[in-house]
Every structure is written in structure tokens, then in C-alpha cells.
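See structure below.
If you read the sequence from its start, that first residue is 1, and numbering goes on from there.
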Amino acid sequence: MPYEVLLSAFGLYTMIENWTKEFIIQRLLAITLLVVLFILCFQVVQFFIVPALWAAILAYVTFPIYNFFHQRVKFSSNVSAAIMTVNISLMIGVPLVVGIFILQQEALSIISNLIYRIKVGYLDVPDSVKDLPIIGQQVKDVLWRINKNPEGTLEAFRIWVQSHLYYGKIAFDVVFSSLAKLGMALMTLFFFYRDGTSLIRQIRQALRNIIGNRIDGYIDSVGTTTRAVVYGIGLTALAQAILAGIGYYFSGAPSPILLTIITFIIALIPFGTPFVWGGVSIWLLSQGHTVEGIGLALWGVLVISWVDNLIRPIVISGATKIPFIIIFIGVLGGLTAFGFVGLFIGPVVLAIGLAVWREWISQHKNEIFAPQEIMLSDKNTQSAVDE
């Protein structure tokens, strides 16, 4: 009898062992196929990832307006999505076209004026530049050579431009690629509006199957952080650009509209605005406009930067309950890691990490924050029991 039991146990063990090997092989094959499929899918959609992220951010932030058209006004999902997409396209496209047109006009004006001055042999810079201690004499020598031989200077400039046409092609490719991504983002935005609710529900359920019900808290943290970061960065940049534009206009700075657009773009980066109005102030001072330059500098320090220090921390940290230093690191780190879209991805990633950290702390707070005497007493009691 024991012999038969031993044989049956051995046979069961062998069957389980064989079944386990087959199961492991099947799992490995399935995982391998999934990894290969994921890599192939990533290669296919790699170009569209950044436009899709921009579309997702815009759709999420403006989704309440879409709900107004869809639920309150009773438009269909297609009509509501089309209205929102057209409006967003106009809000982005009109300033972009105006900015490109102004930039083109300013560039042509500067180049034409520069060529004219070279031809007449009167290319000059402010005396404050020529009086600089280190490079002042070098600037004087270069200006003297240019004004002495205008035709030779223009010919050398033409040769230089022809030898660097390749970089112009690269710049054109970058601009074309950026415009293509913008168009793809706007097209994707329509489908995010129309099918966004269903898509979020599917993503939430898929993540719940992997992580569990705690994913709801993480998704809520992502939503709150995204909305707060977009509003905080966007409102701050808009307010700073408007105030800076007022300063540019009254200080007599050239092309105040173009400078305002540049200020808005730079203001999306935390503490980047002083580089714009500060540079304009220095330029005004170098041109002999002392009162205007000092006035613009004071306006920037007392008003423009004050808005940055007030709106951004209140809107972002106040809404998310996240320390502003975390948001600041997330913005700059995301910008470095992911490009311009990283301004919004970085804080969201850190917000998720902070949510996980806080959840772990709350689950183990009795152990972490227990008094030292109690912990030592528990260790001594456990040692006595073991003995």
C-alpha cells in the first residue's frame, strides 16, 4: 500500500512538473509576442505620440465646454466636437499666422536695413558696445573692415549663405514637421472630444484590471494636476505677456506685438520672462533711451515678475496640494526630457509618484511614525518569544 501511494504521488508530481513547464513556455511565448507587438505599434505611432498628447491635454482641459454644447445645448457629439475643434484651431492658428507674418516683415526689414547700411559703408553699433573693455576694440576693427569694403562683405555673405543652405533645409524640415504635428493634433482633438468619455472609461477599466481600485485615485490626481498645470502656466504666461506688451508699447520698444508673442512663449517656462523684458531693457539702454530702459526694467521687476510669483503657485499648488518645488522640478525636468509637451507631462508624472508615496505612507504610518520606545519594546518582545 505505501508503495502504491508513493508511485501515485510521484506520478502526480511528474504531471504537475510537466504542466508547469508547458505553462511557463506558453507564458514566455505570449509575453514575447506582446513585446514584439508593442515595439511594432510604437514604431508605427511614434510620430503621432506628441500630437496625441497635446490633443489629450487640450481636450481634457476644455472638455467642460464641450459638455456644455453636447448636454446643455443638445448638439450631437459630432457637431459639438466640430465646434470645439474649429474654435481651438482658430485660437491657435490665428495668433500663429499673425506672429509668422510679423516675424517675416521684421526679418525682411532688418535684413534690408542691414544690407543698405553695408552698401553705403555706414554699419555701426552703439558707443556703449564699442566701449566694452574686452570685445570693444574687436568690434571696432570688424566694423572698420566691413565699412571699408562693402562689396567684398556682401560677396562673402552670399558665399556664406550658399555654403549653409543645408541648414536652411533642416530648418524647413523642422517647421514642416511641426506644422504636420499641429495638424495631426487638431484632427486627433476632434476624436478625443467625441469619444473621450468612452476612451477614459476603457483606460480606467484596463488599469483597474492591472493595479486594482486604487487606480481611481491616481487618475483623479492626474486630472487635477493636468488641469491645474495648464491653467496655472497658461494664465501666468498670458498675464505676463499682456503686461509686458503694455511695457513694450509705452517704452517705445520696436515691434511690441512680436515681442509680446515671444514673451508669451518664453513665459510658459518658469522664470523665463525676465530674459525677454530684461533683454529689451538692455537694448533700450544701449540705444541711449535711459528713462525708457529703466522704466521697463522696474515694470518687469515690480509687476511682470510679481504676477509670476503670485498666480502660478496659487493656481497650481493650491489646486493640487502639491508643493510648488515639485511642480517646478516637474516642469523643467519634463521640458528637458520630453520637449515642449514635457511642461505638462513632467508635473503629472511627479504628481503620480507623489500620490503613490502618500498612499504608501498612509498605509504604513503606524510603523513609520511609531515612537522609538514602542518599536524597541516590540523588538525585545519578539526576541523573547523566539527564545
Shared hydrophobic cluster for Met187 and Ile49 (ILVMFWY, side-chain gaps under 4.5 Å): no
Side-chain heavy-atom pair Arg201, Arg204 within 4.5 angstrom cut-off: no
Phe190 side chain reached by Asn78 side chain, heavy atoms, under 4.5 Å: yes
Spacing of Trp277 atom CH2 and Ile282 atom CD1 [to the nearest 0.5 Å]: 9.5 Å
Note, Val301 side chain near Trp306 side chain (heavy atom, < 4.5 Å): no
Side chains of Val341 and Ile57 in contact at under 4.5 Å (non-hydrogen atoms): yes
Please output the side-chain donor-acceptor pairs of residues 80-87 that fall under 3.5 Å, not counting sequence neighbours, one pair per line with the distance.
from: Ser80; atom 1: OG; to: His70; atom 2: N; distance (Å): 3.4
from: Ser80; atom 1: OG; to: Ser76; atom 2: O; distance (Å): 2.9
from: Thr85; atom 1: OG1; to: Ala81; atom 2: O; distance (Å): 2.7
from: Asn87; atom 1: ND2; to: Ile83; atom 2: O; distance (Å): 3.1

Over all atoms of both residues, closest heavy-atom pair of Ser281 and Ala297: OG-N, 3.4 Å
Co-membership, hydrophobic cluster, residues Ile92 and Ile100, 4.5 Å side-chain: yes
Residue pair Ser198 / Gln202, side-chain donor-acceptor N/O under 3.5 Å: yes
Side-chain heavy atoms of Leu243 within contact of Trp299, under 4.5 Å: yes
Shortest non-hydrogen contact from Gly293 toward Leu284: CA-CB, 3.9 Å
Ser177 side-chain N/O to Asp173 backbone N/O, donor-acceptor pair under 3.5 Å: no
Derivation and outcome, side chain to side chain contact (heavy atoms under 4.5 Å, CB included), residues Lys181 and Phe47: CA-CA 8 Å; Lys181 289 182 178 180; Phe47 179 82; 3.6 Å; yes
Value rounded to 0.5 Å, distance of CD1 in Ile203 from CZ in Arg208: 12.5 Å
In one Ile/Leu/Val/Met/Phe/Trp/Tyr side-chain cluster, 4.5 Å: Ile345, Leu332: yes
Glu151, CD: over 12 other non-hydrogen atoms inside 6.0 angstrom: no
Ile294 CD1 to Leu285 CG distance, which is reported to the nearest 0.5 Å: 6.0 Å
For the student: nearest non-hydrogen atoms of Ala185 and Trp54, plus distance: CB-CB, 4.5 Å
Hydrophobic cluster membership, Val35 vs Leu37, 4.5 Å side-chain cutoff: no
Distance-minimising heavy-atom pair for Ala59 and Phe192: CB-CB, 3.8 Å
Under 3.5 Å donor-acceptor, Ser251 side chain and Glu292 backbone: no
Donor-acceptor side-chain pairing of Tyr193 and Thr62 below 3.5 angstrom: yes
Sequence neighbours left out, cut at 3.5 Å: what donor-acceptor pairs do the side chains of residues 257-268 make with other protein atoms?
from: Thr260; atom 1: OG1; to: Pro256; atom 2: O; distance (Å): 2.6
from: Thr263; atom 1: OG1; to: Tyr248; atom 2: OH; distance (Å): 2.9
from: Thr263; atom 1: OG1; to: Leu259; atom 2: O; distance (Å): 2.6

Separation of Leu179 CG from Leu182 CG (nearest 0.5 Å): 6.5 Å
Minimum heavy-atom distance between Leu90 and Pro95, given as atom pair plus value: O-CD, 3.7 Å
Ser77 side chain near Tyr66 side chain, heavy-atom distance below 4.5 Å: yes
Approximate separation, where rounding is to 0.5 Å, of Leu28 CG and Leu33 CG: 11.0 Å
Same apolar cluster (I L V M F W Y, side chains within < 4.5 Å links), Tyr60/Leu350: no
Audit row: Ile246, Val303, side chain to side chain contact (heavy atoms under 4.5 Å, CB included) steps and yes/no: CA-CA 11 Å; Ile246 296 174; Val303 178; over 6 Å; no
Atom pair CZ/OG1 of Phe191 and Thr188 - distance to nearest 0.5 Å: 8.0 Å
